[in-house]
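Just below is one structure, and these are the notes that go with it.
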Amino acid sequence: MSEFLQQLINGLSLGAIYALLALGYTMVYGVLRFINFAHADVFMVGSFAGYYAARHAPAGTLWGGLAVLAAAMAACAVLGVLIERFAYRPLRHAPKLNVLIAAIGLSLLLEYGVQLLFGATPRNFPQVFPSARLQFGPLTVSSNQLVVIVVSLGLLGGLQWIVFRTRLGAAMRAVSLNPRAAQLVGINLNTVVAFTFALGSALAGAGGVLYAMNYPSIDPFMGVMPGLKAFVAAILGGIGSLPGAALGALILGGAETLVGGSAYSTYKDAIAFGLLIVIMLLRPAGLLGRLTVEKV
Amino acid sequence: MLTVTDLSVAYGPIKAVNGISFEIPRGAIVTLIGGNGAGKTTTLQTISGLVRPAAGVIRFNQEDITRLAPHEIVARGLCHVPEGRLVFANLSVAENLALGAYLQRDSASIDRTREHVFALFPRLKERLKQTAGTLSGGEQQMLAIGRALMGWPTFLMLDEPSLGIAPRLVTTIFEKIVEINREEGLTILLVEQNAHLALEISSHAYVLETGQIAVAGASRDLRDDPRLKAAYLGG
């Protein structure tokens, strides 16, 4: 039982990171109806930004850690806005396939660009937050896991607040429901799209730092696997749905950790993609997604 | 108030609108009628900035708005109630109205406008918490017009407000359009397939055929025009 609970906590912290990434996929899909396949690489850039920011912050302190986190989020937000402005906006009215190709190209550009600038050798991510092991009866929780869970919850809460309580959040929801109607009530589509990219990329940046804290070896291709998993999580929860992305990520993180801790641990990665196949067969709209029917 | 000069719009190689010009004076109800594919909706979408024209100039209150983005055009008081209504289906009636006032900052005047919209369409007040997608077609049309009014327009473009709506409600909605025009002085550009109704409430009419203006004149005269009778008024 305690073994199970222990795995559940591990799964929760992994799922929380997937959630931060999955939200970016689902938000961009919500407003523009395409999958930003470069999102995983924004996550990777977040780790690198965190790595360099950590050199200028006091190591192993709460404030230093938060500063590193904030720096990575800010860097990624800027990167996200630039990506949208220069790669996707010119293709706004192009066929979706062109956008998809651009996204894949951009993903490769970021991966090999970072490799060119910083080299392909994996780097050790420093301990930015205070490090401790907390013992709750038979359960061990590392302070890093705790930071992951607390920070993710905080960010999810913040996102929820932005989306449902602010003017720009209302504009985002309006655009995702109907971009045309949104423009006709006076919403600036470009502002909303840029804001969405900034928001999603900032979350990915935070995810990059949190991931690197728990798997402290970063390299230019580290985003690929978590990116794919988070994409699956977003589909699992129902693409376009924010609570869906979080739910899908937690299920995926939990399932993966439980399998990883069992005798079948080699099949850990197969879980995510197996789930994708199952959900596509049984409930293509995802757990919380709904197939929209247009009223005529 | 609105002047359209030599407007042409193309979708790829297909010309949807081919060099049309018309003028809408302040305070008038002007209608644009014509069959399917005549270019009526495209014309409205171009005026509201959703579609970019290939050529031509659109002036609103003397200002050239041809290249402005939709939100900038709304901000100038020109509101478009689109074909098919496009209410935010998953949001409540109240949320839809709130989004209509997106560009308004003063909550007191937003509240006043909302009360005013309820006076015009009491049905909306009854259904305030209901999801817009579950409203009937006629109620959705009321909501779409109400949402546009929340943005304090001085000029309203209505695209096929009678489309897919119970006949009884069509009469109500047309009465309200006249009321909005008379009592609030809103200028209205009405696009309709239902030429009978449109000619009844408008002062001027333009008949579009395959992207060009085929007939133009005072609505009262067009009602008896033999050309129109044959084509649009059922003989």
Side-chain angles (χ1 to χ4, degrees), chain A residues 26-27 29-33 84-85 89-95 98 162-196 238-244 285-286 288-296, chain B residues 11-12 44-45 47-52 68-91 95-105 131-137 139-140 143-144 146-153 156-157 159 163-165:
Chain A
T26 222
M27 281 197 288
Y29 182 85
V31 297
L32 289 178
R33 295 290 182 271
E84 190 277 320
R85 178 66 191 82
R89 195 177 299 177
L91 298 173
R92 185 77 56 80
H93 302 287
N98 300 17
I162 288 174
V163 171
F164 288 96
R165 291 279 173 270
T166 67
R167 210 169 104 89
L168 257 168
M172 266 175 78
R173 286 187 297 145
V175 168
S176 81
L177 286 172
N178 193 323
R180 238 171 207 204
Q183 290 183 80
L184 292 180
V185 299
I187 290 168
N188 183 342
L189 192 61
N190 286 335
T191 307
V192 169
V193 171
F195 180 68
T196 305
I239 191 88
S241 154
L242 298 183
L288 301 187
R290 42 181 153 181
L291 295 170
T292 44
V293 184
E294 228 166 89
K295 194 165 190 169
V296 284
Chain B
Y11 297 113
L44 291 200
Q45 289 180 339
I47 295 171
S48 61
L50 289 172
V51 171
R52 289 266 164 258
L68 294 185
H71 69 274
E72 296 170 308
I73 292 171
V74 177
R76 283 160 174 75
L78 200 165
C79 256
H80 177 182
V81 181
E83 184 180 10
R85 310 175 282 268
L86 306 189
V87 294
F88 297 109
N90 297 351
L91 301 184
E95 289 172 306
N96 267 275
L97 291 176
L99 276 166
Y102 184 75
L103 293 175
Q104 311 305 317
R105 301 285 190 153
T131 311
T134 63
L135 298 176
S136 78
E139 291 163 344
Q140 287 191 9
L143 178 57
R147 185 179 65 185
L149 292 176
M150 291 300 292
W152 273 93
L156 205 55
M157 299 197 291
D159 195 350
L163 196 71
I165 288 177

Check your understanding: When M150(B) is tested against each of L99(B), N96(B), L97(B) for side-chain contact (heavy atoms from CB on, under 4.5 Å), which residue passes?
Key -> L97(B)
Point to revise | For R33(A), all residues meeting salt bridge (charged side-chain N to carboxylate O under 4.0 Å, His left out), sequence neighbours excluded | key: none
**Study point:** Among L163(B), L50(B), L78(B), residue most engaged with chain A (heavy-atom pairs, under 4.5 Å)
**Key:** L50(B)
Exercise for review: Look at T191(A), L184(A), L177(A) and state which one has the largest set of heavy-atom pairs under 4.5 Å with chain B.
Suggested key: L184(A)
Practice item. Against chain B, work out which of R167(A), Q183(A), H93(A) has the most heavy-atom pairs shorter than 4.5 Å and name it. Key: R167(A)
Practice item. Keeping to residues at least two apart or across chains, list the side-chain hydrogen bond (donor to acceptor under 3.5 Å, both in side chains) pairs with something in residues 169-181 of chain A. Key: none
**Study point:** Side chain / backbone / both / neither for R105(B) at chain A, heavy atoms under 4.5 Å
**Key:** side chain
Point to revise | Non-hydrogen atoms of L288(A) and S241(A) that approach each other most closely | key: CB-OG, 3.9 Å
**Study point:** Which of R147(B), E95(B), H71(B), H80(B) touches chain A most, by non-hydrogen pairs under 4.5 Å
**Key:** H71(B)
Review point. Quick one: what part of E72(B) sits under 4.5 Å from any heavy atom of chain A, side chain, backbone, both or neither?
Key: neither
Practice item. Start with the C-alpha distance between E84(A) and R92(A), add both sets of side-chain angles, then the distance that settles salt bridge (charged side-chain N to carboxylate O under 4.0 Å, His left out), and finish with yes or no. Key: CA-CA 10 Å; E84(A) 190 277 320; R92(A) 185 77 56 80; 2.9 Å; yes
